[in-house]
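As structure tokens, the structure follows; a few thoughts come after it.
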Amino acid sequence: MATDIGNFFKSGHQKSNPMDKIVVKEGGPLHGHVRVSGSKNAALPVLVSSLLVGGKTTFRNVPGLMDIHSILSLLGELGATVHRNGDIVTIDATTIDCVEAPYDLVRKMRASILVLGPLVARMGRAKVSMPGGCAIGDRPIDLHLKGLEAMGATISLEHGYVEASAHRLKGAHIIFDIVSVGATENLMMAATLAEGVTTLSNAAQEPEIIALADVLCAMGAQIKGAGTPEITITGVTELSPAEADIIPDRIEAGTFMVAAAMTGGDVVVDACEPKHMEATLKKLEEAGATLEVGIDSVRVIGPKTIKSVDIRTAPYPGFPTDMQAQFMAMLTRADGTSVIHETIFENRFIHVSELKRMGAEIGIKGKDVATVNGVKHLSGAPVMASDLRASASLILSGLVAEGETIVNRVYHLDRGYEHIETKLRGLGATIKRVKE
Ligand code: EPZ
């Protein structure tokens, strides 16, 4: 293993301790500028795409997150030489001397399954631990596996591992039963080195898909249609080193915009990509926020009173499931009743019970519909983070809840938000990390 990411933690990224807590106190409106980091969900597949290249790739604006540390550690385990200096990461995958992604790494970060396609495409085989479920759902990978099988891979599932092998993958027409970001990314990467043409129908259209396709094309791949429901990849025999900047994190940006709106503040979110956030921006305006949208920034002026809005999560360009918990936090104090329909994950209302402990009035119908009756006040309380975006919703609620809110298990937060307490403090929030 050749991984020099020791300075990863020296690069200012706080090492996350499972017992760390974040204490946030009720404060006034947030004000000022906050800068968005590179996108976690764009960086993960892009960093993995380096496995397809027998050479050195360089990525800039890579966020300092636990999930990024996990994927870089995994690439190192596979034999790549990984260097990180601040937000610049170089990965030399000339020598891949291992094709196994072990359970103890994959269980920490299920997006590790993304190494499956690239390893089979480049090395002819891969052995990856089944990622297993997580708090928000059982997160199957059947679409990933069916797609690889359609491309000629032999797949076996034994002892909790997926083993896949193919002398050379062959192009195929793959029609996804449901829209899957990860399956689209895995198979798009696999298809770049397959023999012939692969068509992905009912493909995910997220900005992260376009970003990955842009990097793969910079490496010499032939991809058309990324960002539409039909992507066509014509296989080539090898890819070459490339450099790329990671796109801004649209979910981190949206989280700060919700913070501004729900505190009645006036905040400019810088270094974001408004074009990636249209559904989120529309909902914020529907809830009463005033927006000034720039080229790479959005000014959010929160209303005196939040208006209730209905939300239905959907694949991009619909309203993002990753913004559902944050909007729910804001709507707990809206002037009426909001109905939130979570259509992507089967268990993404875990934050509801914690918000109710803070005085929110929320009812769940079936498993996927929450009715939020706005209340005048929330009260601060000790709460438990359960997954990444639920943790963010608890922090946001703490900003407006009377008294003090202590969010436990903030390692969930550190997976996807870089220095969130520092960034919020910079906007005037009374918030600190307490190391156990
Ligand atoms: C990506 O997860 C994101 N993660 C998630 O963000 C995001 O919520 C999700 O896409 C949806 O936008 C990363 O990009 C690293 P999916 P992914 O495959 O790819 C089902 C965050 O907070 N499905 O699009 O795992 C699946 O169970 C995270 O940053 C299958 O049934 O999501 C889900 O119900 C959370 N079979 C739906 O599809 C499969 O083979 C969408 O999942 C694959 C998925």
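Just follow the structure's listing: the first ligand is 1, and inside any ligand the first atom is 1. Computed from a predicted model, the values in this text were never measured in an experiment. By convention here, the first residue in the shown sequence is residue 1.
- In this comparison of Asp142, Ile71, Val181, Ile209, the heavy atom closest to atom 12 (O) of ligand 1 sits on Val181.
- Distances from ligand 1 to the non-hydrogen atoms of Ala183 include no value under 4.0 Å.
- Contacts between Arg110 and ligand 1, counted as non-hydrogen atom pairs separated by less than 4.0 Å, involve the side chain only.
- Interface of Arg389 with ligand 1, defined as ligand atoms under 4.0 Å from a residue heavy atom, comprises 21 (C), 22 (O), 29 (O).
- For Ser37 and Lys423, the side-chain atoms include at least one donor-acceptor pair closer than 3.5 Å.
- Using a non-hydrogen distance threshold of 4.0 Å, Arg348 registers as a contact of ligand 1.
- The pair Asp414-Arg433 counts as a salt bridge, with a side-chain nitrogen and a carboxylate oxygen less than 4.0 angstrom apart.
- Under a 4.0 Å heavy-atom criterion, Lys146 is not in contact with ligand 1.
- By the 4.5 Å heavy-atom criterion applied to side chains, Val197 and Ile233 are not counted as neighbours.
- Neither the backbone nor the side chain of Glu185 has a heavy atom within less than 4.0 Å of ligand 1.
- Close contacts between ligand 1 and Gly182 involve ligand atoms 18 (O), 19 (O) [criterion: under 4.0 Å to a heavy atom].
- Residue Leu388 approaches ligand 1 through these ligand atoms, each under 4.0 Å from one of its heavy atoms: 22 (O), 29 (O).
- Of all atoms in ligand 1, numbered sequentially from 1 with element shown, those under 4.0 Å from a heavy atom of Asp322 are 5 (C), 6 (O), 7 (C), 8 (O), 21 (C), 22 (O), 28 (C), 29 (O), 35 (C).
- The pair Asp67-Arg415 counts as a salt bridge, with a side-chain nitrogen and a carboxylate oxygen less than 4.0 angstrom apart.
- Residue-environment remark: OH (Tyr161) exceeds the threshold of 12 foreign heavy atoms within 6.0 Å.
- Between Gln324 and the options His341, His351, Arg389, a side-chain hydrogen bond (donor to acceptor under 3.5 Å, both in side chains) holds for only His351.
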Given the rule in the salt bridge (charged side-chain N to carboxylate O under 4.0 Å, His left out) test, do Glu342 and Lys367 qualify, once you have shown the distances and angles that lead to the verdict?
-> CA-CA 9 Å; Glu342 172 55 62; Lys367 281 197 78 175; over 6 Å; no

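- Residue contacts with ligand 1, taken as heavy atom pairs separated by less than 4.0 Å, involve Ser180 via backbone and side-chain atoms alike.
- Close approach of ligand 1 to His144 is summarised as follows: ligand atoms under 4.0 Å from at least one heavy atom of the residue are 40 (O).
- Atoms of ligand 1 found under 4.0 Å from any heavy atom of Ile141, numbered from 1 in the order shown, are 39 (C), 40 (O).
- Salt-bridge formation is detected for the pair Arg125/Glu163: a Lys NZ or Arg NE/NH1/NH2 atom is positioned less than 4.0 Å from an Asp or Glu carboxylate oxygen.
- Which parts of ligand 1 touch Lys40 is read off a 4.0 Å heavy-atom cut-off, strictly below it: atoms 21 (C), 29 (O).
- Of the candidates Ile178, Asn186, Leu44, the one placing a heavy atom closest to atom 38 (O) of ligand 1 is Ile178.
- Residues Ile251 and Gln326 are in side-chain contact: their nearest non-hydrogen atoms beyond the backbone lie under 4.5 Å apart.
- Side-chain contact between Val179 and Asn202: present, with at least one pair of heavy atoms (C-beta onward) separated by less than 4.5 Å.
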